[in-house]
Amino acid sequence: MALTENNAEESLVSSVTEYVKSYMSNYDGSHDFNHIERVVGLSKYIHANSPETPGRDEQVVVLSALLHDVGDKKYLRPGEDASTLVYELLLSLGASEQLAKRVQTVCLGVSYSSEIKDPARVQDLIKSHPELAVVQDADRLDAIGSIGIGRVFTYSGARTQRSMASSIEHFHDKLLRLESMMKTDIGRELAKARTERMQEFLKWWDEEAAFSSGLPVAA
């Protein structure tokens with residue numbers, strides 16, 4: 001029986017993976033399937049290295065990591081409903097209604113902007129859906145550090161008209177804040193190192209950009 005259940009779980013993950021590869025094939029390089037693979041890997045690492053939490057389900061963690069950008073408002077296609085897209089997909093692939101609802105809820109809770117608007121709601125969601133803490137930390141970890149730096153400029157070039165200097169503001173407006181918003185101990189540990197890398201990069205940026213004003217920063 002356990003073997004059959006494991007086979008069913010593996011089959012579902014495999015089907016979801018193929019769907020996500022196809023769905024995100026038109027996303028730009030900042031939110032492509034490579035991003036998903038990194039978030040899945042980080043989610044598994046955080047889950048494996050965090051204290052056991054009642055109700056935290058590895059299958060929900062993996063599926064939510066795979067699907068967390070499906071229905072992202074930045075890329076939402078005409079006619080798609082982000083509030084039910086993941087739920088309906090999972091049902092169509094044979095998932096139970098309970099599992100589909102749980103994964104949809106986690107995916108909707110990952111958003112940074114949603115947490116900024118209502119942080120108490122996210123804390124309440126984590127109490128009932130502990131997988132959210134894992135996936136949210138994983139997604140935010142991929143937004144910072146050296147890969148995060150690359151993703152900022154990739155997104156700016158692909159989706160906006162802003163200059164490189166304007167893109168730097170994003171580090172101060174959001175990315176440097178993410179370390180303080182981590183929910184897991186391992187997430188905070190990883191975020192600390194990645195934040196330090198960004199701070200070093202910004203120091204180099206200031207030194208090099210200063211020449212445009214004729215006032216180079218002393219090394």
Side-chain angles (χ1 to χ4, degrees), residues 2 5-21 23-24 31 33 35-73 81-144 178-191 194:
E5 289 178 358
N6 287 340
N7 289 344
E9 289 181 7
E10 290 173 6
S11 177
L12 179 59
V13 168
S14 178
S15 295
V16 168
T17 299
E18 291 306 310
Y19 171 87
V20 174
K21 281 182 182 177
Y23 184 89
M24 300 185 70
H31 289 79
F33 190 69
H35 164 62
I36 298 300
E37 289 182 308
R38 291 190 299 268
V39 172
V40 171
L42 281 162
S43 294
K44 289 180 177 179
Y45 181 81
I46 293 170
H47 175 73
N49 289 277
S50 296
E52 289 189 14
T53 301
R56 194 177 71 219
D57 185 325
E58 184 174 10
Q59 184 187 26
V60 175
V61 168
V62 172
L63 290 173
S64 299
L66 280 167
L67 292 161
H68 78 277
D69 270 341
V70 170
D72 186 317
K73 64 181 180 181
D81 183 350
S83 67
T84 60
L85 190 58
V86 166
Y87 171 75
E88 291 173 355
L89 167 70
L90 289 172
L91 287 183
S92 74
L93 294 175
S96 68
E97 185 173 355
Q98 181 181 10
L99 176 61
K101 283 182 177 179
R102 192 167 188 86
V103 174
Q104 178 72 82
T105 299
V106 172
C107 290
L108 291 174
V110 170
S111 168
Y112 170 84
S113 58
S114 295
E115 180 169 8
I116 292 298
K117 291 177 184 175
D118 193 352
R121 177 179 176 275
V122 172
Q123 292 295 337
D124 286 341
L125 271 178
I126 288 173
K127 291 176 184 176
S128 59
H129 296 74
E131 301 89 357
L132 174 57
V134 173
V135 178
Q136 191 181 70
D137 277 12
D139 185 44
R140 292 176 181 180
L141 283 167
D142 201 56
I144 60 179
L178 294 182
E179 179 185 356
S180 67
M181 298 175 70
M182 293 290 155
K183 308 300 189 301
T184 66
D185 289 341
I186 190 68
R188 281 185 282 273
E189 180 182 327
L190 294 171
R194 295 187 184 210

| message | Side chains of K73 and S113, heavy atoms from C-beta outward: is any pair under 4.5 Å? | response | yes
| field | Heavy-atom closest contact (I46 atom, A138 atom, distance) | value | CD1-N, 3.9 Å
| Within a reach of under 6.0 Å around CZ of R121, are more than 12 heavy atoms found that belong to other residues, nucleotides or ligands? | no
| At their closest point, which heavy atom of D57 faces which heavy atom of E131, and how far apart are they? | N-OE2, 2.9 Å
| said: Ignoring hydrogens, what is the shortest heavy-atom contact between S111 and R140? Give both atom names and the distance. | reply: O-NH2, 3.6 Å
| task | Decide whether H35 and D69 meet the rule of one side-chain donor and one side-chain acceptor closer than 3.5 Å. | result | yes
| request: Taking all non-hydrogen atoms of both residues into account, name the closest pair between K183 and A133 and its distance. | output: CB-CB, 3.7 Å
| field | Any donor-acceptor pair under 3.5 Å from T105 side chain to K101 backbone | value | yes
| task | Determine whether V122 and P119 make a side-chain contact, defined as any pair of heavy atoms from C-beta on separated by less than 4.5 Å. | result | no
| said: Within the structure provided, determine whether L91 and E88 are in side-chain contact (heavy-atom separation under 4.5 Å). | reply: no
| query | What are the two closest non-hydrogen atoms of S50 and T184, and how far apart are they? | reply | OG-CB, 4.3 Å
| field | Note, H129 side chain near S64 side chain (heavy atom, < 4.5 Å) | value | no
| Separation between NZ of K127 and CG of D124, rounded to the nearest 0.5 Å | 5.0 Å
| message | In the structure I gave you, are the side-chain heavy atoms of L12 and Q59 within less than 4.5 Å of one another anywhere? | response | yes
| message | Would you say that Y112 contacts Q136 through its side chain, given a criterion of any heavy-atom pair below 4.5 Å between the two side chains? | response | no
| said: Testing the basics here: between D142 and V39, what is the closest heavy-atom pair and its distance to 0.1 Å? | reply: CB-CG2, 4.2 Å
